[in-house]
Number of protein chains: 2
Amino acid sequence: MKGRILEAARHLFAEYGFSGVTTRMLAREVGIDISTLYYHWGEKQDLYDAVMADLSCEIRAKLREIERMVHGGSLAHRLEVAIDVMCDWLFAHPEAAKLMLSSYMGKSRSAPDAHVPIKEHIANIAVAMGLALDRTRVPARANARVLTVWNSAINFTAGEDFFLPMLGVDRDEYRSVVKDTLKFILIPAFAQSSAA
Amino acid sequence: MKGRILEAARHLFAEYGFSGVTTRMLAREVGIDISTLYYHWGEKQDLYDAVMADLSCEIRAKLREIERMVHGGSLAHRLEVAIDVMCDWLFAHPEAAKLMLSSYMGKSRSAPDAHVPIKEHIANIAVAMGLALDRTRVPARANARVLTVWNSAINFTAGEDFFLPMLGVDRDEYRSVVKDTLKFILIPAFAQSSAA
DNA sequence: GTAGGCTTCCAACAAATGATGGATTCTCGT
DNA sequence: ACGAGAATCCATCATTTGTTGGAAGCCTAC
């Protein structure tokens with residue numbers, strides 16, 4: 001039950017934002033009483049924090065998995081696999097992308113260190129991609145390039161319902177176009193960087 | 001007064017989202033009574049719609065201005081100027097970026113055609129950049145590439161407060177890094193596209 | 001079976017919120 | 001000066017929302 005509530009909260013918070021979700025909405029979605037919700041997770045803010053903590057954990061695991069997966073290949077191969085795997089996961093979990101986006105923009109939601117793991121992993125990706133040698137001293141420009149890839153993936157997955165009709169393609173083709181676009185645009189830039 | 005309310009609403013809605021803003025918040029921000037708010041703009045949803053319509057209009061004008069500005073130059077020059085001017089404007093109006101971002105992701109806020117002008121202008125940019133010949137038949141991949149530029153600019157401006165500490169630079173340097181990154185990553189990709 | 005703990009529901013409350021009617025003030029043309 | 005219309009404020013209402021106390025149900029160890 002605790003899990004079912006968390007999952008429902010995850011989807012609702014992603015869709016409507018923190019203030020856009022009421023405790024009654026949540027209870028109705030799960031099919032339980034409001035009190036049961038409070039019994040398991042405490043107040044609304046605590047539940048939201050739990051959702052974000054859970055998400056943060058998943059992201060960290062996924063990034064570690066990718067890091068292991070691409071270890072040792074060429075730069076182009078690393079980029080291609082990373083983009084493929086990350087996009088697949090994000091397309092399968094668009095709520096994750098939406099939650100991340102709103103946590104980026106919103107005014108100090110939850111703890112200020114909720115984004116720290118992201119920061120660390122962006123730095124790790126920069127090192128893994130050969131843009132920096134030491135993960136404690138990643139140049140701002142290298143971080144910015146990794147962030148551009150990351151944000152683009154988040155955007156296209158979180159905003160699929162919005163962007164899909166703009167491109168005039170069907171669902172499968174959209175996902176293919178997004179991956180190709182990320183690779184097409186980003187791989188040459190990074191390759192150029194590593195050559196310089 | 002109508003204008004002052006609209007501007008306050010613009011900033012508050014951008015920061016806290018539609019549900020995160022109360023009519024009392026708005027009234028207090030402007031320093032007026034709640035009723036005055038209703039007198040000028042009707043219900044909260046109407047005010048939100050007005051904010052979005054106003055924003056849509058501004059974006060359209062800005063894009064037209066850029067289109068005129070870069071008319072006739074080389075592809076690289078067009079891209080560079082477009083990125084410079086658009087980033088300058090977005091950095092000066094981060095609420096605009098935040099509003100756009102939330103309108104992309106939110107579940108059917110306001111009228112469904114609120115995004116149509118964006119769609120048209122993305123297509124226009126694609127044509128202006130030489131990625132398509134006819135603005136009614138822009139290939140999905142060309143649109144996707146333009147969208148990537150667009151979204152990246154929106155992200156870095158809307159999330160400045162979040163990304164700035166991640167890059168460990170000051171405000172001015174951040175804006176410079178963002179512009180450089182967008183140009184560095186995107187110009188080669190588009191140039192490669194036009195060569196193919 | 002039954003005592004005790006874990007889970008769920010019912011009912012309710014205080015505060016916040018969207019919205020409105022009517023009184024009051026302000027503006028300005030005559 | 002004054003009167004009409006626009007603009008603003010005060011007081012208030014009905015709902016919604018977050019949250020809680022306590023009763024009822026369910027499960028399990030003895």
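Just the heavy atoms: all of them, side chains too, but no hydrogens, waters or symmetry mates, feed the values below. Residue numbering restarts at 1 for every chain, and letters A, B, ... go by the order of the sequence lines.
- Contact annotation: A:His40 does not reach the phosphate of C:dC6 (side-chain N/O to OP1 or OP2, under 4.0 Å).
- Here B:Thr36 reaches the OP1 or OP2 of D:dC9: one of its side-chain N or O atoms lies under 4.0 Å away.
- Of the candidate nucleotides C:dT8, C:dT17, C:dC9, C:dT17 has the atom lying nearest to any side-chain atom of B:Arg24.
- Mapping A:Met25 and A:Asp33 onto DNA chain D by nearest heavy atom places A:Met25 at the nucleotide closer to the 5' end.
- In this structure, CH2 of A:Trp41 is placed 19 Å from C1' of D:dG18, rounded to the nearest angstrom.
- Among the atoms of the strands shown, base atoms are found under 4.0 Å from some heavy atom of A:Ile34.
- Side-chain N or O atoms of A:Arg4 include one that pairs as donor or acceptor with a backbone N or O of A:Val30 at under 3.5 Å.
- In this structure, B:Ile32 atom CD1 and C:dC26 atom P are separated by 16 Å, rounded to whole Å.
- The CG atom of A:Asp46 lies 14.5 Å from the NE2 atom of A:His40; values are rounded to the nearest 0.5 Å.
- Between B:Leu26 atom CG and C:dA19 atom P there is a gap of 12 Å when expressed in whole angstrom units.
- A pairwise comparison of heavy atoms in A:Leu90 and A:Ala153 identifies CD1-CB, 3.9 Å as the closest pair.
- One interatomic measurement links the two molecules: CG of A:Leu47 to P of D:dG18, which rounds to 11 Å at whole-angstrom precision.
- Here the nucleotide nearest the side chain of B:Glu43, chosen from C:dA19, D:dT8, C:dT8, is C:dA19.
- Of the charged side-chain nitrogens involved, none lies within less than 4.0 Å of a carboxylate oxygen, so that A:Lys98 and A:Glu95 do not count as a salt-bridged pair.
- For the pair A:Arg141 and B:Phe184, the NZ or CZ position fails the cation-pi test of under 6.0 Å to the six-membered ring centre and within 45 degrees of the ring normal.
- Rounded to whole Å, atom P of D:dC27 lies 13 Å from atom CE of A:Met1.
- Within the 4.0 Å cut-off from OP1 or OP2 of D:dA7, at least one side-chain nitrogen or oxygen of B:Tyr39 is found.
- To the nearest angstrom, P of C:dT17 lies 13 Å from OH of B:Tyr16.
- Spacing between atom NZ of B:Lys44 and atom C1' of D:dT16 amounts to 12 Å, rounded to whole angstrom units.
- When distances are taken from the side chain of B:Thr22 to each of C:dG18, D:dC9, C:dC9, the shortest belongs to C:dG18.
- Residue-level contact check: A:Val30 touches neither bases nor backbone, having no heavy atom under 4.0 Å from any strand.
- A donor N or O paired with an acceptor N or O is found under 3.5 Å between the base of D:dT20 and the side-chain atoms of A:Ser35.
- Between the CG atom of B:Leu37 and the P atom of D:dA7 there is a distance of 14 Å, rounded to whole Å.
- For A:Thr23, whose side chain is taken as the heavy atoms from C-beta onward, the closest listed nucleotide among C:dT8, D:dC10, D:dG18 is D:dG18.
- For A:Tyr38, taking side-chain heavy atoms from C-beta onward, the closest of the listed nucleotides D:dT19, D:dC10, C:dA19 is D:dT19.
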